[in-house]
Amino acid sequence: MAHRPSNRQRSRWAVSLLEVRPGDEVLEIGFGPGLAIAELARAGAGHVYGIDHSGVMLRHAAKRNAAAIRARRVTLAEASVDRLPFDGPFTAVLAVNSLGFWPEPAQRLTELRRRLAPGGRLAVVSQPRCPGATAATTRDAARKIEDLLRGAGFTELRTETFPLDPPVACVLAS
Ligand SMILES: C[S@@+](CC[C@H](N)C(=O)[O-])C[C@H]1O[C@@H](n2cnc3c(N)ncnc32)[C@H](O)[C@@H]1O
């Protein structure tokens with residue numbers, strides 16, 4: 001996952017949309033090899049928390065972000081999104097190609113909304129990786145995410161697209 005140039009571009013773009021500020025307490029769900037965690041730390045977040053339910057991914061991400069972990073700017077844990085080990089409040093939450101794997105995503109998003117600080121923002125990114133995925137597949141994925149977010153009580157939604165093949169959608173909510 002970490003070696004695909006498109007995954008690096010996707011992570012960098014997603015983090016740029018979150019407009020990370022010093023003092024931000026950011027949570028990433030499903031960090032995989034930890035590319036976006038590294039970008040979030042580089043962007044100057046006050047603290048970056050991350051969870052992934054895979055021990056293998058935790059090891060990869062911890063290695064990639066070892067210096068920031070030592071500096072106590074990043075904390076990673078092996079955990080599932082339905083058993084969050086960090087309470088928040090978070091000023092920003094990010095999920096890149098992971099929501100599709102969550103158990104009961106509608107309920108998870110409602111819980112995450114409650115853990116956001118006032119004015120906090122959430123970014124859910126999707127680049128469909130199924131065979132034959134096209135721009136239409138990305139649009140459908142974005143629409144499903146928008147519906148889930150509205151159902152979870154998020155009001156201000158904005159969807160951005162990044163021109164990879166297939167395109168990447170990022171739905172931002174606050
Ligand atoms: C397709 S990978 C994406 C990884 C990374 N975000 C990226 O863009 O490269 C999905 C990740 O979500 C994680 N994941 C799946 N279900 C999860 C769950 N219930 N809780 C936390 N992480 C989960 C997987 O272990 C995997 O690392």
Side-chain angles (χ1 to χ4, degrees), residues 1-18 20 24-43 45 48-66 68-69 74-88 90 92-116 121-133 137-138 140-142 144-145 148-149 152 159-173:
M1 268 191 268
H3 299 295
R4 270 186 166 174
S6 60
N7 285 2
R8 287 181 180 277
Q9 286 175 288
R10 191 177 68 199
S11 296
R12 200 167 300 142
W13 174 71
V15 169
S16 74
L17 289 177
L18 266 181
V20 171
D24 265 338
E25 300 273 304
V26 189
L27 171 68
E28 188 189 5
I29 299 164
F31 51 64
L35 297 173
I37 295 280
E39 289 292 337
L40 288 164
R42 204 171 298 134
V48 184
Y49 297 87
I51 62 153
D52 198 294
H53 73 166
S54 158
V56 174
M57 287 302 147
L58 174 62
R59 282 195 289 283
H60 282 293
K63 199 168 166 195
R64 169 162 285 107
N65 292 282
I69 291 170
V74 167
T75 307
L76 303 181
E78 181 180 338
S80 177
V81 64
D82 51 329
R83 286 172 181 266
L84 282 178
F86 308 119
D87 293 333
F90 303 102
V93 173
L94 174 67
V96 182
N97 269 18
S98 87
L99 180 138
F101 300 102
W102 299 358
E104 298 171 281
Q107 204 175 315
R108 304 286 83 80
L109 289 169
T110 303
E111 286 162 9
L112 286 169
R113 191 170 63 80
R114 292 199 191 108
R115 287 175 198 243
L116 274 181
R121 58 250 188 245
L122 176 138
V124 180
V125 177
S126 175
Q127 184 182 29
R129 289 299 202 183
C130 49
T137 322
T138 301
D140 283 351
K144 283 182 188 142
I145 294 167
L148 278 168
L149 287 169
T159 299
E160 300 280 343
T161 308
F162 188 61
L164 294 179
D165 184 21
V168 190
C170 177
V171 185
L172 293 142

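One-based numbering, in listed order, for ligands and for the atoms of each. Quick note: numbers below take in every heavy atom, side chains included, and nothing from hydrogens, waters or symmetry partners.
- Of the heavy atoms in M57, only side-chain atoms (C-beta onward) come closer than 4.0 Å to ligand 1.
- Contacts between A36 and ligand 1 below 4.0 angstrom, taking non-hydrogen atoms only, are absent altogether.
- The side chain of R10, and not its backbone, has at least one atom closer than 4.0 Å to an atom of ligand 1 (non-hydrogen atoms only; side chain from C-beta on).
- Annotation for ligand 1: atoms under 4.0 Å from non-hydrogen atoms of V96 are 3 (C), 5 (C), 6 (N), 8 (O).
- A donor-acceptor pair under 3.5 Å is absent between the side-chain atoms of R108 and the main chain of W102, judged by distance alone.
- For ligand 1, the atoms lying closer than 4.0 Å to a non-hydrogen atom of S54 are 25 (O).
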Side chains of residues 78-88: which donor-acceptor partners sit under 3.5 Å, not counting sequence neighbours?
from : atom 1 : to  : atom 2 : distance (Å)
S80  : OG     : D82 : OD1    : 2.3

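- Each of L116, L18, L172 was scored for a side-chain contact (heavy atoms from CB on, under 4.5 Å) with R121, with one residue passing: L18.
- For ligand 1, the polar-atom distance check against S98 finds no nitrogen or oxygen pair separated by under 3.5 Å.
- Taking distance alone, with nitrogen or oxygen atoms compared against 3.5 Å, N7 stays at or beyond that limit from ligand 1.
- A donor-acceptor distance shorter than 3.5 angstrom exists from the side chain of D52 to the backbone of F31, with no hydrogens or angles considered.
- Taking a 4.0 Å cut-off on heavy atoms, P103 registers as neighbouring ligand 1.
- Taking any N or O of P33, backbone or side chain, none lies under 3.5 Å from an N or O belonging to ligand 1.
- Checked against a 3.5 angstrom limit, the closest N/O atoms of V81 and ligand 1 fall inside it.
- Partner of Y49 under the side-chain contact (heavy atoms from CB on, under 4.5 Å) criterion, out of V26, V93, L27, V74: L27 alone.
- A donor-acceptor contact shorter than 3.5 Å links the side chain of T138 to the backbone of P167.
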Kindly list each side-chain donor-acceptor pair under 3.5 angstrom involving residues 33-40, sequence neighbours excluded, with atom names and distances?
from : atom 1 : to  : atom 2 : distance (Å)
E39  : OE2    : R12 : NE     : 3.3
E39  : OE2    : R42 : NH1    : 3.0

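- Ligand 1 has an N or O atom lying under 3.5 Å from an N or O atom of S80, backbone or side chain.
- Below 4.0 Å from some heavy atom of A79 lie the following atoms of ligand 1, by number and element: 20 (N), 21 (C).
- To the nearest 0.5 angstrom, E111 atom CD is 11.5 Å from R113 atom CZ.
- Any N or O atom pair closer than 3.5 Å counts here, and I51 shares no such pair with ligand 1.
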> Between V168 and S126, does a side chain to side chain contact (heavy atoms under 4.5 Å, CB included) hold up when you go through it step by step?
Replying inline: CA-CA 6 Å; V168 190; S126 175; over 6 Å; no
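- Remark: distances from the non-hydrogen atoms of N97 to ligand 1 include one below 4.0 Å.
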